[in-house]
Amino acid sequence: DPDALGVFAVDPDGDLLWSTGMDYPMISLRGPSYTDIVFDTDRMYITVYRRTSRPPTVRTYNYDGDLLWYSGDLGLAIGGPPVLHPSGKLIANWAQTGVQALSRDGDVLWIQTHPADGQLLLAPVIGPDENILVADWSGPDFWAFDDQGSTQWLGPQPGYDLMSGVAVSPDNTQIVASGADTFGLSGWVRGYVNGTGELRWQVDLADDNGLIQLPGSPGRFSPDSGTHYFATYLAGDATYGYVHAVDTSLTLDCDGDGVLDIDDNCVCTYNPDQADSDGDGLGDACDPFILPDDCVDALPICPGVTQGN
């Protein structure tokens with residue numbers, strides 16, 4: 001189309017400021033191609049995905065519409081847009097099973113493959129600690145690494161699930177992932193411990209009017225990390241969806257014993273009976289010193305008691 005705008009900018013009234021025209025491949029919001037834009041202080045990185053055998057490409061423009069550099073085929077995988085690290089590096093998927101760091105000028109700084117043979121990595125995200133986190137679409141684990149590509153931790157996620165995206169809480173304690181067990185089923189949203197990948201909570205989505213319900217994205221946290229919001233859509237002929245809010249402070253159950261962490265006397269030790277023989281507020285299952293009924297307040301007669309003389 002000779003009238004295609006390519007990449008373009010408009011002012012607040014919608015008037016065209018500039019357009020790259022046909023130096024940029026035509027795309028569509030819904031169809032065989034789509035784009036993502038990452039904004040930097042003086043430039044923007046635009047990734048074009050074509051749902052064909054051709055790999056995605058990155059074009060970088062300044063805010064006057066001048067092309068600064070074009071990636072060509074850098075082996076970028078269809079896993080999501082690159083992210084801009086505070087160090088200035090552009091972190092992107094590479095060949096589906098790895099990640100790469102690009103300089104502001106498009107030079108490849110390093111490439112790291114997944115340490116556990118990940119299948120298809122999702123778009124990277126950056127946590128408050130500036131570690132970069134990626135998850136595997138087929139769900140075996142989370143992989144966190146620093147801006148030099150050094151692995152910080154690798155967390156298992158048992159089972160074969162289809163993960164679609166991840167987010168990190170502002171307080172850096174939780175990872176929220178969205179996905180589904182398999183194709184054709186309603187999805188889920190899960191909370192994991194950041195640093196281990198341990199599952200803490202799960203919200204299962206229900207079918208609605210015979211249609212499966214799927215999370216549209218991993219969603220967003222409130223600034224205090226206490227609430228997580230996510231939207232869902234219905235796969236089929238539906239004109240509505242839902243917005244969910246999860247109180248993460250009330251849904252954490254570290255040990256999966258059915259007692260929420262805020263009420264659990266052994267937060268990360270399985271003890272559904274909550275037995276506390278000595279009444280010290282620490283459950284028998286995790287109490288290293290269960291005091292006998294006739295124990296006196298003196299050491300060393302009562303090991304573990306820190307008061308007395």
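None of these values were measured; they are calculated from a predicted model. For the single chain, residues carry numbers from 1 onward in sequence order.
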Between [X] and [Y], how do the two ring planes meet: parallel, tilted or perpendicular, split at 30° and 60°?
X      : Y      : value
Trp143 : Phe145 : tilted
Trp153 : Phe142 : tilted
Trp201 : His228 : tilted

[X]-[Y] side chain donor-acceptor pair, cut-off 3.5 Å:
X      : Y      : value
Thr113 : Thr97  : no
Asp284 : Asn271 : no
Trp18  : Asp64  : no

If you define the side chain from C-beta out and look only at heavy atoms, does anything of [X] sit under 4.5 Å from [Y]?
X     : Y     : value
Met44 : Tyr63 : yes
Leu16 : Phe8  : yes
Tyr45 : Leu84 : yes

### Task
State, to 0.1 Å, how close Gly281 and Asp276 come at their nearest heavy-atom pair, and which atoms those are.
N-OD2, 2.8 Å
### Summary
Here the pair of heavy atoms bringing Ala167 nearest to Gly219 is CB-O, 4.0 Å
Considering only distance and modelled atom types, tabulate donor-acceptor pairs under 3.5 Å from the side chains of residues 120-135, sequence neighbours left out.
| from | atom 1 | to | atom 2 | distance (Å) |
| --- | --- | --- | --- | --- |
| Asp129 | OD1 | Asn131 | N | 3.1 |
| Asp129 | OD2 | Asn131 | ND2 | 3.2 |
| Asp129 | OD2 | Asn172 | ND2 | 3.1 |

#### Entry: Carboxylate-amine/guanidinium contact Lys89 Asp40, below 4.0 Å
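No, Lys89 and Asp40 are not salt-bridged.
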### Query
With the threshold set at 4.0 Å, does a side-chain nitrogen-carboxylate oxygen contact exist between Asp42 and Arg104?
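Salt bridge: yes.
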### Query
Short question: side chain of Asp287, backbone of Phe289 - any donor-acceptor pair under 3.5 Å?
yes
### Message
Treating Asp147 as the side-chain partner and Ser87 as the backbone partner, does any N or O pair qualify as donor plus acceptor under 3.5 Å?
### Response
no
### Message
Less than 6.0 angstrom from the centroid, inside 45 degrees of the normal: does Arg59 satisfy that with respect to the ring of Tyr70?
### Response
yes
